[in-house]
Amino acid sequence: MKIAVVYWSGTGNTEAMASLFAKAFKDNGNDVEVIQCSDFDLTRIPDFDGFAFGCPAMGNEELEDSEFAPMYDEVEPLLEGEKVILFGSYDWNDGEWMEIWGKRAEDAGLNVLETVIAKDYPDASAEAEIARAAALMA
(Lines give C-alpha, C1' and ligand atoms only; values in the text may rest on other atoms or scores of the structure.)
Protein backbone atom coordinates (compact mmCIF):
# COMPACT_ATOMS: atom_id res chain seq x y z
CA MET A 1 0.00 0.00 0.00
CA LYS A 2 1.01 3.60 -0.51
CA ILE A 3 0.06 5.72 2.48
CA ALA A 4 -0.02 9.50 2.86
CA VAL A 5 0.78 10.87 6.32
CA VAL A 6 -0.61 14.41 6.14
CA TYR A 7 -0.17 16.68 9.15
CA TRP A 8 0.04 20.15 10.67
CA SER A 9 2.19 20.80 13.72
CA GLY A 10 2.75 23.95 15.72
CA THR A 11 5.14 22.76 18.44
CA GLY A 12 6.56 19.61 16.86
CA ASN A 13 4.50 17.10 18.85
CA THR A 14 2.18 16.13 16.00
CA GLU A 15 5.14 16.18 13.61
CA ALA A 16 6.85 13.64 15.87
CA MET A 17 3.71 11.50 15.71
CA ALA A 18 3.72 11.77 11.89
CA SER A 19 7.32 10.51 11.85
CA LEU A 20 6.40 7.61 14.14
CA PHE A 21 3.47 6.70 11.90
CA ALA A 22 5.71 6.82 8.81
CA LYS A 23 8.22 4.47 10.48
CA ALA A 24 5.47 2.08 11.63
CA PHE A 25 3.87 2.00 8.18
CA LYS A 26 7.27 1.32 6.58
CA ASP A 27 7.98 -1.41 9.14
CA ASN A 28 4.74 -3.06 7.95
CA GLY A 29 5.98 -3.02 4.35
CA ASN A 30 4.11 0.03 3.07
CA ASP A 31 5.34 2.84 0.84
CA VAL A 32 4.89 6.10 2.78
CA GLU A 33 4.97 9.80 1.96
CA VAL A 34 4.97 12.32 4.81
CA ILE A 35 3.33 15.56 3.67
CA GLN A 36 2.74 18.88 5.41
CA CYS A 37 -0.92 19.81 4.98
CA SER A 38 -0.05 22.92 2.96
CA ASP A 39 1.40 20.59 0.30
CA PHE A 40 -1.64 18.28 0.07
CA ASP A 41 -4.87 18.77 -1.85
CA LEU A 42 -7.58 16.78 -3.58
CA THR A 43 -5.41 16.14 -6.67
CA ARG A 44 -3.14 13.94 -4.53
CA ILE A 45 -5.87 11.57 -3.29
CA PRO A 46 -5.66 9.08 -6.21
CA ASP A 47 -1.92 8.61 -5.52
CA PHE A 48 -2.59 6.79 -2.22
CA ASP A 49 -4.32 3.68 -0.86
CA GLY A 50 -4.60 4.92 2.72
CA PHE A 51 -4.27 8.11 4.73
CA ALA A 52 -3.18 9.21 8.19
CA PHE A 53 -4.20 12.78 9.02
CA GLY A 54 -2.62 14.54 11.97
CA CYS A 55 -3.62 17.77 13.66
CA PRO A 56 -3.24 18.88 17.28
CA ALA A 57 -6.07 20.24 19.38
CA MET A 58 -6.31 23.98 18.96
CA GLY A 59 -8.37 26.73 20.54
CA ASN A 60 -11.51 25.30 22.05
CA GLU A 61 -10.91 21.66 21.08
CA GLU A 62 -10.85 22.19 17.31
CA LEU A 63 -8.66 21.57 14.26
CA GLU A 64 -6.04 24.19 13.32
CA ASP A 65 -8.07 26.62 11.22
CA SER A 66 -5.62 28.48 8.95
CA GLU A 67 -3.96 25.57 7.09
CA PHE A 68 -5.18 22.18 8.24
CA ALA A 69 -8.96 22.68 8.44
CA PRO A 70 -9.28 24.25 4.96
CA MET A 71 -7.25 21.40 3.42
CA TYR A 72 -9.23 18.75 5.31
CA ASP A 73 -12.56 20.37 4.44
CA GLU A 74 -11.58 20.14 0.77
CA VAL A 75 -10.45 16.50 0.76
CA GLU A 76 -12.84 14.88 3.23
CA PRO A 77 -15.78 14.57 0.76
CA LEU A 78 -13.50 12.68 -1.65
CA LEU A 79 -12.32 10.17 0.95
CA GLU A 80 -15.57 8.22 1.32
CA GLY A 81 -14.74 4.57 1.91
CA GLU A 82 -10.98 5.24 2.15
CA LYS A 83 -8.92 3.79 5.00
CA VAL A 84 -8.01 6.63 7.37
CA ILE A 85 -6.25 7.04 10.70
CA LEU A 86 -6.61 10.32 12.60
CA PHE A 87 -3.97 11.46 15.08
CA GLY A 88 -2.72 14.46 17.02
CA SER A 89 -1.44 15.87 20.26
CA TYR A 90 -3.07 17.98 22.93
CA ASP A 91 -1.98 19.90 26.02
CA TRP A 92 -5.20 20.68 27.86
CA ASN A 93 -8.68 19.25 28.28
CA ASP A 94 -9.11 15.55 27.57
CA GLY A 95 -8.82 15.07 23.83
CA GLU A 96 -12.44 15.83 22.98
CA TRP A 97 -11.37 17.32 19.62
CA MET A 98 -10.40 13.85 18.43
CA GLU A 99 -13.80 12.40 19.37
CA ILE A 100 -15.49 15.22 17.42
CA TRP A 101 -13.16 14.80 14.44
CA GLY A 102 -13.51 11.01 14.41
CA LYS A 103 -17.31 11.22 14.44
CA ARG A 104 -17.25 13.85 11.70
CA ALA A 105 -15.06 11.60 9.51
CA GLU A 106 -17.23 8.54 10.10
CA ASP A 107 -20.38 10.55 9.33
CA ALA A 108 -18.72 11.60 6.04
CA GLY A 109 -18.28 7.93 5.13
CA LEU A 110 -14.56 7.53 5.80
CA ASN A 111 -13.34 4.14 7.00
CA VAL A 112 -11.74 5.41 10.23
CA LEU A 113 -9.53 2.54 11.35
CA GLU A 114 -8.31 4.27 14.51
CA THR A 115 -7.72 7.56 16.28
CA VAL A 116 -4.54 8.15 18.28
CA ILE A 117 -3.82 11.04 20.64
CA ALA A 118 -0.77 11.98 22.68
CA LYS A 119 -0.57 14.35 25.63
CA ASP A 120 2.16 16.74 24.47
CA TYR A 121 5.16 14.93 22.96
CA PRO A 122 4.41 11.26 22.16
CA ASP A 123 5.69 9.01 24.96
CA ALA A 124 6.28 5.25 24.90
CA SER A 125 2.57 4.58 25.37
CA ALA A 126 1.64 6.80 22.40
CA GLU A 127 4.39 5.18 20.34
CA ALA A 128 2.91 1.74 21.08
CA GLU A 129 -0.57 2.99 20.09
CA ILE A 130 0.85 4.36 16.84
CA ALA A 131 2.48 1.01 16.01
CA ARG A 132 -0.76 -0.84 16.80
CA ALA A 133 -2.86 1.56 14.71
CA ALA A 134 -0.43 1.47 11.78
CA ALA A 135 -0.76 -2.32 11.63
CA LEU A 136 -4.51 -1.89 10.98
CA MET A 137 -3.79 -0.19 7.66
CA ALA A 138 -2.68 -3.45 6.02
Distance-only donor-acceptor hits, side chain of residues 126-138, under 3.5 Å, sequence neighbours excluded:
residue : atom : partner : partner atom : Å
Glu129  : OE1  : Arg132  : NE           : 3.4
Glu129  : OE1  : Arg132  : NH2          : 2.8
Arg132  : NH1  : Glu114  : OE1          : 3.0
Arg132  : NH2  : Glu114  : OE1          : 2.8

Checklist entry - If you group Ile, Leu, Val, Met, Phe, Trp and Tyr by side-chain heavy-atom gaps below 4.5 Å, do Val5 and Met1 land in one group? => result yes
Item to check | Under 3.5 Å donor-acceptor, Ser9 side chain and Glu15 backbone | outcome: yes
Checklist entry - Can any side-chain N or O of Asn28 pair as donor or acceptor with the backbone N or O of Asn30 at less than 3.5 Å? => result no
Item to check | Beyond-backbone contact of Lys2 with Val32, side-chain heavy atoms, under 4.5 angstrom | outcome: no
Next on the checklist: Run the side chain to side chain contact (heavy atoms under 4.5 Å, CB included) test against Ile45 and tell me which residues pass, sequence neighbours left out.
Outcome noted: Phe40, Leu42, Phe51, Val75, Leu78, Leu79
Checklist outcome for this item: Asp94 meets the salt bridge (Lys or Arg N to Asp or Glu O under 4.0 Å) criterion, sequence neighbours left out, with none
Checklist outcome for this item: Nearest heavy-atom contact between Val34 and Ala22 is CG2-CB, 3.5 Å
Checklist entry - Does the side chain of Leu63 reach to within under 4.5 Å of the side chain of Trp97, using non-hydrogen atoms? => result yes
Checklist outcome for this item: Those residues at least two apart in sequence (or on a different chain) that pass salt bridge (Lys or Arg N to Asp or Glu O under 4.0 Å) with Lys119 are Asp91
Next on the checklist: Please enumerate all residues that pass side chain to side chain donor-acceptor pair (under 3.5 Å) together with Glu96, with sequence neighbours excluded.
Outcome noted: none
Checklist outcome for this item: Applied to residues 100-122, the ring-ring contact (aromatic ring centres under 6.0 Å, His included) test, sequence neighbours excluded, yields Phe68-Trp101, Tyr72-Trp101
Next on the checklist: Consider side-chain contact (heavy atoms from CB on, under 4.5 Å). Of Leu113, Leu110, Thr115, Ile117, which one does Leu86 pass it with?
Outcome noted: Thr115
Checklist outcome for this item: Those residues at least two apart in sequence (or on a different chain) that pass side chain to side chain donor-acceptor pair (under 3.5 Å) with Asp41 are Thr43
Checklist entry - At their closest point, which heavy atom of Glu67 faces which heavy atom of Ser38, and how far apart are they? => result OE1-CB, 3.5 Å
Item to check | Taking every non-hydrogen atom, the tightest pair across Thr14 and Gly54 | outcome: CG2-C, 3.7 Å
Next on the checklist: Which residues pass the side chain to side chain donor-acceptor pair (under 3.5 Å) test with Thr11, not counting sequence neighbours?
Outcome noted: Asn13
Checklist entry - Do Ile3 and Leu20 belong together in a cluster built from hydrophobic side chains that touch within less than 4.5 Å? => result yes
Item to check | Closest heavy-atom pair and its distance - Trp92, Ala57 | outcome: CH2-O, 3.6 Å
Checklist outcome for this item: By side chain to side chain donor-acceptor pair (under 3.5 Å), Lys103 pairs with (sequence neighbours left out) Asp107
Checklist entry - Heavy atoms, side chains only, cut-off 4.5 Å: are Ile35 and Tyr7 in contact? => result no
Checklist entry - Do Met58 and Trp8 come within less than 4.5 Å of each other through their side chains, counting heavy atoms only? => result yes
Checklist entry - What residues, two or more places apart in sequence or in another chain, satisfy salt bridge (Lys or Arg N to Asp or Glu O under 4.0 Å) together with Lys23? => result Asp27
Checklist outcome for this item: Hits for ring pair (Phe, Tyr, Trp, His ring centres under 6.0 Å) against Phe21, two or more places apart or cross-chain, chain-then-number order -> Phe25, Phe87
Item to check | Heavy-atom pair of closest approach, residues Val116 and Met17 | outcome: O-CE, 3.7 Å
Checklist entry - So which pairs with a foot in residues 46-66 pass salt bridge (Lys or Arg N to Asp or Glu O under 4.0 Å), sequence neighbours left out? => result Arg44-Asp47
Checklist entry - Looking at CE of Met71 and CD of Glu76, how far apart are the two atoms once the value is rounded to the nearest 0.5 Å? => result 10.5 Å
